[in-house]
Amino acid sequence: MRPSFAARRNLRNSRMSDTTANRKKLYIETVGCQMNLLDSELVVGKLRNEGYELTDDIGQADTILYNTCSVRQHAEDKIYSALGRIRQLKQVKPEVTIGVLGCMAQKDQKQILRRAPHVDVVVGPGQLAKVPELLVLAKEQGTPQMAVSLPRTAGSNQTVTESFAEYDPMREPAMRPSSFQAFVRIMMGCDKFCTYCIVPSVRGPEQSRPASVIIDEARMLADQGVKEITLLGQTVNSYRSVDAAGRTYRLSDLLERLHEIESLKRIKFITNFPNDMTDDLLQAIRDLPRVSRYLHVPAQSGCDEVLKRMKRMYSVALYDDMLARIRETVPGAAVSSDFIVGFPGESEASFEKSMQLVERGRFKNSFIFKYSPRQGTKADTLFIDDVPEEVKKRRNNDLLALQTAISQEDNRQFLGRPLEVLVEGPSKSSKGLEPGEVGQLTGRTACDRIVVFEGNERLIGQFVPVIAEEASGVTLFGRVVTMDLVAPRA
Ligand code: SAM
Ligand code: SF4
C-alpha cells in the first residue's frame, strides 16, 4: 500500500533528521481535505517528539494510522477496505497498533471496532491531542481506546464546542511536509448545516481562532522560511474574532495584518461561502498585492430549487451577483467552484441549470461530486436518493467535460506570457530528482494554476518566471525564463 503524499514528504524530512535505528516506526495514510493533511502533520509532529519515526513501508510499522474522511461514501469504503487488508498483518504481528483518526472515527465510533475488531485506537478530529496517550494505553491494557467529541445535540453549544478541542500544538520545521509552504487553520467546525453535509457533525461547532494566535503562528512559520501560507476554514470568509480590547477581526482585517509579514510572499485562503463574500474582503484582495487573487467558492448547483433543498441559503442570482462583484473589484481573479450532481430531486432541467452556471461562471476549475447520502444528515432523512447512479455518472461526466473545455480556454490566455511560479517539486510523471538533477518540475501561480516545466531540482521552493507554451484543461506547460521579467499575476 502506498503511503499518502504527506507521509512520503514527511518521510523525506525524517530521513534528514532521524538517525536512530530503534525509534518506533509510524506509518500514516491520509485521505480527504487540507484540514486532514494539516491534522496529520500535527499528529506526526507530536509522535515524532515521542520517539516515533515515519516509514513508508507498512510491513515495517509498529503503529499504523489512518486519518479519515467521511464526506462521501467512497472515502469511507477506501478506509474500510484498507482495514480489511491489514487484518492479516495484525494476526501475524499482534504487537502492531492500529488507529483510525479523523472524521470517520467521529462518525462511526464503535461501529469501526465492530467492523474491524483489530483496530486499537479510534480518535475523532476534536480529540487528536490524545493520540499519543491512547496509543500507549491500548498497548498497556490490550483493549481498544476511543476518544470522540459530543454529538451536536448532546448539550449546550458551549459544552459541545469544548468537546471539539483546538488542535494546533506546534509548528516545527522538520515536521512540515514542505519547508516553504504551510497551512494555517483559522477556523474549526461549521454551523451552516447544508442538508447533504456531514462536516458540522464530525468537525463540530464553528469556532474562529483568535487573530493574535494566527498572526503569531504565521510569523513563526515565516521565520522558519515559509513563503506561502494557506489559511484554512470550512467557510473561511465567515471568520470573525474579537480581541481582549473588543476589536472585531474579519477575514479582511486578518489578511491586512498577515500582509505586514513581508517574508510571506503569498497568502491564500480556502474555502469561501458565497453569502460571506463581502466587499471589504474583495477590496482587501485587490489592495494587498501578496494576497492571492484566487477564490474557491463552491456553488453546488445552478438551480434555485435544488439550492433550497440543500439549504445553501443563497439563490443563483446572488451567486451570479457575487461573481460580478469579484470580477469588478478584483480584475483577473481566478474563481473555482464545487458542484454536486444527482442531489435528490435534481431533474434534467435542474441539472441543465448547473451546466449553464458553469458556462457563464468561467471558473478556473470545478470539483464535481456525485451526491452521496450521509447517514445523520437532513438530506438523508428528508429526501429519497432518487437519481439513479448511471444518471449521476452521466451528469458528472457532462459537467466535467464542459468545465475542462472552459479551463483549457482559460489557460490559453496565458500562452506566451511569463508567469511567476512557486516551484513545489518534481512533476507527477517524474519519479523524483536527486540533488542538482534536471527534470520535470511542477509549481503554481498565485492564482493556483498548475505549471509544469523542465528545471533544476535546486529551483524547488523558489519563485521562477516561466513562459507558458502549451495549455491543457488542468496544466500549463512552459519553460523557465532566464532574463529578469516582471510576471503578471495569473
Ligand atoms: N465547506 C466547504 C463548502 O461549503 O463549500 C466544503 C466542504 S466539503 C468537505 C467539500 C465538498 O464536498 C463540498 O463543497 C461539496 O461539493 C462536497 N460534498 C459534501 N457533502 C457531500 C455529499 N454528501 N455528497 C457529495 N458531495 C458532497
Ligand atoms: Fe458542509 Fe455546508 Fe459547512 Fe461546507 S458550509 S462544510 S458544505 S455544511
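We number each residue from 1, following the sequence as shown. Values below: all heavy atoms of this structure, side chains included; hydrogens, waters and symmetry mates excluded.
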Pairs satisfying salt bridge (charged side-chain N to carboxylate O under 4.0 Å, His left out), at least one member in residues 101-111, at least two apart:
Glu76-Lys107
List the steps, then state whether salt bridge (charged side-chain N to carboxylate O under 4.0 Å, His left out) holds for Glu166 with Arg185.
CA-CA 10 Å; Glu166 181 177 337; Arg185 191 180 344 249; over 6 Å; no
State plainly whether the residues Arg444 and Glu228 are in salt-bridge range, i.e. N to O under 4.0 Å.
no
Any donor and acceptor pair, going by atom type alone, linking the side chain of Arg152 with main-chain N or O of Gly204 inside 3.5 Å?
yes
Taking Asn36 for its side chain and Thr30 for its backbone only, find out whether a donor-acceptor pair lies under 3.5 Å.
no
Does Leu281 offer a backbone N or O that forms a donor-acceptor pair with the side chain of Arg250 under 3.5 Å?
no
Who pairs with Asp216 by side-chain hydrogen bond (donor to acceptor under 3.5 Å, both in side chains), at least two apart in sequence or on another chain?
none
Are Leu441 and Val421 packed together at the side-chain level, in the sense that at least one heavy-atom pair is separated by less than 4.5 angstrom?
no
Strictly below 4.0 Å, N to O, side chains only: are Asp57 and Lys25 in salt-bridge contact?
no
Is Asp304 reaching over with its side chain to a backbone N or O of Val316, donor-acceptor style, under 3.5 angstrom?
yes
If you draw a 6.0 Å radius around CD in Gln375, do more than 12 non-hydrogen atoms from other residues or ligands fall strictly inside?
no
Set of residues satisfying side-chain hydrogen bond (donor to acceptor under 3.5 Å, both in side chains) with respect to Asp120, sequence neighbours excluded:
Lys90
Between Asp191 (side chain only) and Pro205 (backbone N and O only), is there a donor and an acceptor less than 3.5 Å apart?
no
Please check if the number of heavy atoms outside Lys378 that lie under 6.0 Å from its NZ is greater than 12.
no
